[in-house]
Each structure stands twice: as C-alpha cells, then as structure tokens.
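To start, the structure under review is shown below, and the notes come after it.
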Amino acid sequence: MSNVFDVLLERGFIEQTTHESEIRELLAKEKTTFYIGFDPTADSLTAGHFLTIMAMIHMQKAGHRPIALVGGGTGMIGDPTDKTDMRKMMTVEQIQHNVSGMQKQLSQYLEFAEDKAVMVNNADWLTKLNYIELLREVGIHFSVNRMLTAECYKSRYEKGLTFLEFNYMIMQSYDFLELNNRYNCVLQLGGNDQWSNILGGVELIRRMNSKPAFGMTLTLLTTSEGQKMGKTVSGAVWLDPNRTSPYEFYQYWRNVEDSNVERCLGLLTFLPMEEVRRLGALAGAEINTAKAVLAYEITKIVHGETAANEAQAAAKALFAGGVDSGSIPTTELSQSELGDGIDLITLLHTVGLIQTRSEGRRLIQQGGIYLDGTQISEFDYVVTKKDFGDKAELLIRKGKKVFQRVELS
RNA sequence: GGAGGGAUUCCCGAGUUGGCCAAAGGGGGCAGACUGUAAAUCUGCUAGCUACGCUUUCAGAGGUUCGAAUCCUCUUCCCUCCA
C-alpha cells in the first residue's frame with residue numbers, strides 16, 4: 001500500500017507540516033495514533049468539518065488510529081481563532097448537548113470497534129485541572145511574547161481579546177500532551193487555522209515528555225472570493241439531515257464553482273485520482289457532469305446511498321424539467337387553508353419561501369416566481385384549486401433554482 | 001479611578017449649522033439579462049404594511065421644538081491615552 005502521506009498530499013489535503021520527512025517516514029513504518037479536535041459550537045458538524053473527517057478516514061484506512069476529540073472542555077473557553085468578536089459563552093448544558101450530537105455523528109464516519117479509533121472529550125481532564133499546578137507545570141513553557149505573535153491573535157488586537165480566550169491555545173496544547181500520555185498520540189491534524197494551536201502542543205510534548213510529536217494542517221476550502229466554503233447566508237451547511245436536507249446538501253455541492261470542482265473531488269470523495277483529474281479537466285458545460293458526480297459522491301458518504309439517489313433524482317427531475325420525485329422539499333396545504341383561494345404572497349409565506357410580504361411582492365414584480373413553470377406577474381394573484389390540477393399538487397419555483405412543492409391534502 | 005472619542009438600516013461606513021432622511025456609498029443578499037443549476041459582467045430591488053399612502057427605525061430613557069439620526073439631560077456598552 002502506498003504511504004497515506006502521499007495519498008493525502010496527492011488529494012490536496014496537506015497545507016503545512018511541522019516535520020515533513022519525519023511524518024512521512026512515521027506513517028510509512030508504524031501504526032500511528034493521531035488526533036483531531038472538534039469544538040462543540042453546535043450539535044451538528046458542518047461541511048467544513050467534513051474535510052477533516054475525510055482525512056481521518058483516509059488515515060484510518062491506512063491502518064492508523066484516529067482519536068476524535070470533542071472539546072467539551074475547550075468549548076467552555078472558545079477558540080478566538082478567526083473570530084472577530086468574542087463568541088458568546090455557552091452554558092454547560094448546551095456544551096454537553098453539542099458534544100453528544102457531534103460524537104454521534106463522528107461515530108458514523110469512523111470505525112470504532114476493536115480500538116480502531118478512540119473518542120474522547122477533553123472535559124474529562126481539563127475541568128479537573130488545578131490552576132496553580134497548571135501554571136507551574138505547563139505555563140512555564142509558554143512565552144507570552146511568542147504567543148502574541150501568533151497570527152490567530154492578530155485579528156483580535158483591535159476588537160479585544162480576553163484572558164479567557166488567550167488561554168485557548170494552552171488548553172489545546174495540553175490536550176495533545178494528555179493524549180500523548182494516555183494513548184501515545186504523536187500527531188495532531190487540524191484546519192490550517194489551527195496551526196499555532198497545534199504548534200503549541202507539539203512543542204509542549206517535546207519539552208515536557210522529551211518525545212517527538214508532530215503536527216500537520218489541512219487545507220481550508222475557500223471560494224474564489226476567499227470565503228470559507230460550507231457556509232451560506234442562512235448559515236452553515238450541516239451534516240445533520242434535519243438541519244440541511246440531503247437535497248439541499250446535494251445542491252450545495254452541485255453548485256460549486258468550476259475552479260473548485262477538482263479540488264473538491266479529491267478532498268471530499270474517494271474516487272481514484274485518475275478519475276478526479278479526468279473529471280476536473282472537463283471544459284465548458286461538460287464540467288456539469290463532474291459536479292453531478294461530486295454532489296452524488298459526497299452525499300452518498302454523508303447521508304448514504306439511498307438519500308444520494310433520491311437527491312440526485314429530485315435534482316434531475318427539477319432541472320431537466322421532468323416530473324415528480326420524492327425528495328423535493330414539500331409542504332402540505334389543507335383544503336381548509338386553501339378555501340376558495342389563497343393569495344400567492346400568503347402561500348409563499350406559508351411554505352417559507354419568503355420572510356415578509358414585501359419581499360414576496362418584490363419577488364413577483366421582478367418576475368421571480370413561477371407556478372408549474374408559468375411566470376406570475378401579478379402580485380395579487382390568487383391561487384385556487386384549479387392551479388393544483390388533477391394531482392392536487394403545485395410546484396413553485398423561486399428564481400432559478402429554488403423549488404418547493406405544495407401538496408393539497 | 002482620571003481625560004478624551006464613539007455607538008447609524010444585514011455588515012462596513014456617510015450624515016451631527018435641526019426639516020429636502022427610510023437615511024449617500026461600498027459589501028453582502030435577492031430577482032432579471034447573458035449562460036452551463038459555474039464564474040465574470042450588466043440591470044433592478046434590498047425596514048414593515050391593509051402600499052401613489054401609512055407605520056416603526058439611527059444604543060436606551062426622558063426633554064427642547066410645529067418638526068430631531070442631528071440640540072440638551074441621564075443611563076448602558078465600546079475604544080484610546082493616563083494610573
């Protein structure tokens with residue numbers, strides 16, 4: 001089997017390493033225990049986390065042992081990295097809820113049986129720390145001067161950085177030390193924004209345990225404008241199907257920009273690299289084929305084959321002008337709600353396509369609403385039973401690619 | 001604790017000799033055109049509503065005035081310098 005380091009490199013995962021040749025050698029010759037931490041900021045992981053999960057899966061497949069750490073302890077502090085403002089403090093209950101939600105999801109993607117992977121919560125040790133003891137043992141190894149030069153704190157100079165958050169790096173470094181002691185964990189992976197936090201841990205282990213330790217950061221997916229991928233205006237793209245439906249999830253990847261298709265295929269699917277390169281090289285409208293493959297493959301990994309098939313079928317039906325399929329977002333409307341007719345704006349509001357009636361009025365006036373493919377131009381249009389036709393359903397289209405089906409019940 | 005500066009619509013940021021301010025400009029978002037469910041570009045929209053008008057907005061609470069984002073008082077929060 002080829003070295004997983006080369007696999008990760010070829011697929012585009014690796015951004016920075018602390019000791020490239022040593023890491024490569026290590027991964028080639030022995031079963032290595034490594035860890036990635038997840039902050040419990042919500043009860044579901046997001047598309048952004050998925051990239052790091054893929055890295056873990058590749059590593060596990062190559063025979064190494066992943067430790068999935070969920071930060072029930074560090075979550076009490078909050079990582080100041082890339083935050084322009086201080087994050088609001090979460091309650092302990094909230095954190096615990098989020099930790100269990102994330103752990104549940106992580107267990108779907110990694111194989112935990114027979115000690116093939118380990119799940120930990122750093123609250124188990126961080127909450128028991130003794131302040132003075134910690135300062136004497138660990139604090140002595142950190143230079144504030146150096147910490148202040150870390151990139152992740154720079155953006156906070158203007159807005160302010162609390163001592164609470166300043167300690168985040170130390171806590172994360174301590175985690176690595178603890179995992180090194182408990183599980184002989186010698187490698188930490190993380191998003192590239194975690195570089196300074198990872199370095200802290202690597203150096204701490206080298207100083208306190210006089211043992212080698214390594215760090216490696218993974219690329220961050222960004223759009224051509226430099227925005228982090230995996231975010232939409234309405235929020236993150238979640239892995240939890242109740243937060244982001246498989247259809248929406250599929251559509252998100254179906255719509256990635258051309259220039260990101262090849263990267264995404266390498267990072268977020270298991271397709272062989274020859275195939276990735278072939279698909280990525282498709283030009284012009286042809287690349288849509290590649291996007292469909294990307295969307296299908298990643299949906300399959302995250303939500304399973306059935307959901308992926310459904311999402312794909314729904315997308316095909318809607319965009320190729322075909323007809324029904326099960327997983328188009330659907331709302332039920334009762335006969336009594338319909339009555340003798342319901343004005344279109346109210347209907348749009350009921351099914352959640354608009355937030356305010358003004359928005360609906362604008363939308364219709366600008367020609368953004370279609371009922372069963374027919375553009376509606378009067379904002380006071382009244383929808384009656386007739387619009388639902390024989391099948392008692394109505395397909396509303398907002399703009400080019402937002403669809404909502406209404407079923408009369 | 002002392003001195004000064006600030007808080008504006010989703011974000012950034014104009015506006016502070018009181019009316020012409022639902023509030024410039026940019027960003028973002030939405031829609032339209034062009035396209036390939038892409039990017040770029042162009043156009044329009046972007047507080048709410050029972051909509052040629054009406055109602056609620058410019059940190060919060062009062063006040064002056066025919067009329068306040070703009071003036072006065074108090075409060076809260078933030079920043080800078082000093083200690």
Side-chain angles (χ1 to χ4, degrees), chain A residues 82-89 155-162 165 221-237 245-265 279-296 298-299 308 311-322 325 327-329 342-346 348-349 351-371 373-382 395-404:
Chain A
D82 282 339
K83 296 285 176 305
T84 39
D85 295 304
M86 184 170 159
R87 187 188 290 160
K88 60 174 187 286
M89 287 238 243
S155 59
R156 294 298 297 276
Y157 288 170
E158 286 217 356
K159 290 276 181 179
L161 176 70
T162 59
E165 295 171 287
L221 272 176
T222 54
T223 65
S224 56
E225 275 135 32
Q227 299 290 315
K228 267 193 194 178
M229 273 188 75
K231 292 236 165 98
T232 65
V233 209
S234 38
V237 174
S245 73
Y247 171 76
E248 289 173 274
F249 187 83
Y250 179 95
Q251 280 300 133
Y252 180 82
W253 300 106
R254 175 63 187 74
N255 283 306
V256 298
E257 48 197 43
D258 289 8
S259 55
N260 260 329
V261 173
E262 187 166 332
R263 287 194 73 206
C264 286
L265 282 166
L279 289 167
L282 293 174
E286 289 287 293
I287 200 159
N288 279 318
T289 325
K291 293 187 191 181
V293 172
L294 169 68
Y296 179 78
I298 179 170
T299 307
Q312 189 177 49
K316 271 188 185 156
L318 291 171
F319 288 97
S325 163
S327 54
I328 300 167
I342 182 172
D343 73 285
L344 182 53
I345 294 182
T346 305
L348 293 174
H349 187 73
V351 302
L353 284 172
I354 54 171
Q355 299 302 312
T356 67
R357 301 183 64 82
S358 298
E359 185 186 338
R361 177 184 285 240
R362 279 194 294 274
L363 198 53
I364 296 169
Q365 283 173 339
Q366 290 178 134
I369 290 293
Y370 299 77
L371 294 182
T374 312
Q375 192 175 49
I376 304 298
S377 47
E378 314 84 51
F379 65 80
D380 51 0
Y381 184 87
V382 175
L395 185 67
I396 305 176
R397 187 179 120 206
K398 175 189 161 205
K400 278 179 223 168
K401 40 193 176 190
V402 181
F403 294 87
Q404 184 82 27

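Proteins get letters first, then strands, A, B, ... in listed order; numbering begins at 1 in each.
Between the CD atom of A:E257 and the C1' atom of B:U35 there is a distance of 16 Å, rounded to whole Å. Whole-Å rounding puts the A:D258 CG to B:A38 C1' distance at 4 Å. A straight line from CG of A:L348 to C1' of B:A31 spans 13 Å, rounded to a whole angstrom. Regarding A:E359, its CD atom lies at a distance of 10 Å from the C1' atom of B:A31, rounded to whole Å. As a whole-Å value, the separation of A:H349 NE2 from B:C49 C1' is 13 Å. Residue A:I287 contributes atom CD1, which lies 15 Å from atom C1' of B:U35 at whole-angstrom precision. Residue A:R361 contributes atom CZ, which lies 9 Å from atom C1' of B:C49 at whole-angstrom precision. Taking atom CZ of A:R254 as the reference point, atom P of B:A39 lies 11 Å away to the nearest angstrom.
For A:Q375, the side-chain hydrogen bond (donor to acceptor under 3.5 Å, both in side chains) criterion is met by A:Y370, not counting sequence neighbours. Remark: A:N255 engages A:K401 in a side-chain hydrogen bond (donor to acceptor under 3.5 Å, both in side chains) (not counting sequence neighbours). Residues passing the side-chain hydrogen bond (donor to acceptor under 3.5 Å, both in side chains) test with A:E262, sequence neighbours excluded: none. A:R397 is linked by a side-chain hydrogen bond (donor to acceptor under 3.5 Å, both in side chains) to nothing, counting only residues two or more places apart in sequence or in another chain. A:F403 pairs by the ring-ring contact (aromatic ring centres under 6.0 Å, His included) definition with A:F319, not counting sequence neighbours.
For the P atoms, the distance from B:A40 to B:U50 is 36 Å, rounded to whole Å. With P as the reference atom, B:C20 and B:G67 are 14 Å apart, rounded to whole Å. When the C1' atom is compared between B:C21 and B:G28, the two are found 23 Å apart, to the nearest whole Å. Between B:U43 and B:A51, the distance separating the two P atoms is 32 Å to the nearest Å. B:G48 and B:A23: their C1' atoms are spaced 16 Å apart (whole Å). To the nearest whole angstrom, the two C1' atoms, one in B:U70 and one in B:U16, are 4 Å apart. To the nearest whole angstrom, the two P atoms, one in B:C82 and one in B:G29, are 42 Å apart. With C1' as the reference atom, B:G26 and B:C74 are 36 Å apart, rounded to whole Å.
Pair assignment for B:A3 gives B:U80, based on Watson-Crick or G-U wobble hydrogen-bonding distances that are each under 3.5 Å. Of all nucleotides present, none satisfies the Watson-Crick or G-U wobble test against B:U56 with each distance under 3.5 Å. Base pairing of B:U65: no nucleotide in any strand meets the Watson-Crick or G-U wobble criterion (both distances under 3.5 Å). Using the Watson-Crick or G-U wobble rule with both distances under 3.5 Å, B:U41 pairs with B:A33.
The residue A:E286 sits apart from the nucleic acid: no heavy atom pair falls under 4.0 Å. When heavy atoms are screened at a 4.0 angstrom cut-off, A:T356 is found touching the sugar-phosphate backbone but no base atom.
With salt bridges taken as basic N to acidic carboxylate O contacts below 4.0 Å, one links A:K291 and A:D258.
In terms of position along RNA chain B, the nucleotide closest to A:Q375 lies nearer the 5' end than the nucleotide closest to the other residue of the pair A:A285 and A:Q375. Sequence order on RNA chain B of the closest nucleotides to A:Y370 and A:N288 puts A:Y370 first from the 5' end.
Using modelled atom types, one finds a donor on one side chain and an acceptor on the other under 3.5 Å when comparing A:R357 with A:T346.
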N/O-N/O pairs, protein side and nucleotides 42-45 of chain B side, under 3.5 Å:
unit_1	atom_1	unit_2	atom_2	d
B:G44	N2	A:Q366	OE1	3.0
B:G44	N3	A:Q366	OE1	3.3
B:C45	O4'	A:Q366	OE1	3.3
B:C45	O2'	A:R362	NE	3.4

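Distance alone, capped at 3.5 Å, places no donor-acceptor pair between the A:Q251 side chain and the A:Y247 backbone. A donor-acceptor pair under 3.5 Å links the side-chain atoms of A:E248 to the main chain of A:S245, judged by distance alone.
Dashed line: the shortest gap from a side-chain N or O of A:K400 to OP1 or OP2 of B:C34 is not under 4.0 Å. Phosphate contact (OP1/OP2 of B:C49, side-chain N/O of A:S358, threshold under 4.0 Å): present. Under 4.0 angstrom from either OP1 or OP2 of B:U50 there lies at least one side-chain N or O belonging to A:R357.
In the set B:C30, B:U37, B:A38, the nucleotide with an atom closest to the side chain of A:K291 is B:A38.
By the rule that a glycosidic angle within 90° of 0 means syn, B:C21 does not qualify and counts as anti.
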